[in-house]
Amino acid sequence: MQALQTLLHKVEVLNTLGSLEVAVESITFDSRKVGQGVLFVAVRGVQNDGHAYIEKAAEAGAVAIVCEELPVVQKSGVIYVTVKNSAEALGQMASTFYGNPSSKLKLVGVTGTNGKTTSVTLLHKLFRELGYHVGMLSTVQNMIDEEVMPSTHTTPEAVSLNELLAKMVKAGCTHCFMEVSSHAMVQHRVAGLTFAGGVFTNITHDHLDYHGSFDEYIKAKKSFFDMLPKGAFALVNADDKRGAVMVQNTKASIHEFSLRKATEFKARIIDNTIQGLHLDVDGNEIWCKLIGAFNAYNLLGAYAVAVLLDEDATETLTILSALDSAAGRFDYIVSDTQVTGIVDYAHTPDALENVLNTIQQIRTPLQKVITIVGCGGNRDAGKRPVMADIACRLSDKVILTSDNPRFEEPQAILEDMQKGVKPLDYKKTLSVLDRKEAIKTACMLAETNDIILVAGKGHETYQEVKGVKYPFDDKLILKEIFQQLGK
């Protein structure tokens, strides 16, 4: 419980109605969670505007309302505070309410289109092996040391985020590694947090349905580095041409990593096989379990973060060499007849191309590559034909199927993807609407030593259709069908 005045000390307040000395028991932006002693923050969202629920919150017993625009009628006994940006104020107040937990940790955020989940997972595992108590916030799961908590967003909303960070502090965590999505930046979910460092992996075509244009998407990512304080580090992938753009206005110290250029942190791929990567990292040779050039970047970024946090370089590389990747990231199984099934979260054109290029690099001339790929509904439709084209260009056989159709018609999504299939590729492309049947079809077509890529869902254990999440795990289904067919 804290005084409203205390909670507002970081916030740009425009006006107040009533005494700020009242005690606040909890904070919410969800009017359904309002009760006696609760502070309600009216946030303008994509689908709902919290200002429409101010009256409901007041009637439910809210002690105070923070908003950008006062309601026409104010309820007697309720304190009203107007601010410039309620979403930003929510983050700042949530941080204060939970005792500014981010300032008590070495909090490192990772942003970019691809590689965020693998990067934070590697960092969490690495720092656990280095002997620390460590937190992680990711698309796949949130963790406090080895305790797993479900994850519903890449970056949690501000109140949940600060509550999780406070739990980490209470558990003795000294470090936390978190994904920072472009949505989170636009929605100010990380407002009020203190970061020890930030990492930029790369940026490619994604989320244009939300941001409207690629320029706005870049601005959203860049805003994370703009907020980093002096004393923090900003680590960027120098091989992405927008790496320099990210840090144009940052106050943090700038550091670069690269596989192609002479940078502070440099790696070279010596060998890339289905068994793993042989790398030269800053003059030290290591063998890693992870596969592909994209994972070389993830490993190099994790190494650079550790060194920037004053960890020993040799010990860091030794530990990294033994680590596995995140669930659903180039996660593979081999059947009894030596068919390799690879499950990967690749759901953007760049990620799909990276995975398929990696498979091309490690395949033998006689191995066929069969790719199963779909695209999510109610998401950026512009990438659908592009992903189908990439799959056709880099595969021997392509099966277009459903991903998470959400509230769109699966057939309409497939038709969008089919627009990217060139006439020369018609013969090697199938459309199988049912995802399980698509996986079964691929398994039936596969011969000894062939490679099947099941792309798009990775770690997800559900398929979302018309607002319902049905159990669906690509890897389990792949195993099940291998066994049924005696593959």
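Given the structure is predicted, the values throughout are model-derived calculations rather than measurements.
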Can a donor-acceptor pair be found between the side chains of Asp239 and Tyr297 at a distance below 3.5 Å?
-> yes

Quick one: which of Asp344, Asn114, Thr117 gives a side chain to side chain donor-acceptor pair (under 3.5 Å) with Arg329?
-> Thr117

Can Asn142 and Lys167 be counted as having a side-chain donor-acceptor contact under 3.5 angstrom?
-> no

Mind running salt bridge (charged side-chain N to carboxylate O under 4.0 Å, His left out) on Asp434 and Lys440 for me, showing each step along the way?
-> CA-CA 10 Å; Asp434 184 276; Lys440 186 175 182 179; over 6 Å; no

Could Lys219 and Glu216 be called an ion pair, given the rule that one side-chain N must be under 4.0 Å from one carboxylate O?
-> yes

Does the side chain of Gln418 pick up a donor-acceptor pair with the side chain of Ser431 at under 3.5 Å?
-> yes

Is the shortest distance from a Lys or Arg side-chain nitrogen in Asp396 or Arg363 to a carboxylate oxygen in the other one below 4.0 Å?
-> yes

So among Glu464, Glu460, Gln463, Lys469, which one has a side chain to side chain donor-acceptor pair (under 3.5 Å) with Asn404?
-> Glu460

Geometric class of the Phe127/Phe177 ring pair [parallel <30°, tilted 30-60°, perpendicular >60°] | tilted

Geometric class of the Phe330/Phe294 ring pair [parallel <30°, tilted 30-60°, perpendicular >60°] | tilted

Are Arg128 and Asp145 within salt-bridge range, i.e. N to O under 4.0 Å?
-> yes

When you measure from the side chain of Lys116 to the backbone N and O of Thr111, does any donor-acceptor pair fall under 3.5 Å?
-> no

From the list Val398, Thr401, Leu445, Leu400, side chain to side chain contact (heavy atoms under 4.5 Å, CB included) partner of Leu430 resolves to Leu445

Side-chain donor-acceptor pair present, Ser95, Asn100, cut-off under 3.5 Å = yes

With the threshold set at 4.0 Å, does a side-chain nitrogen-carboxylate oxygen contact exist between Arg435 and Asp474?
-> yes

So, Asp389 and Lys422, do they make that salt bridge, N to O below 4.0 Å?
-> yes

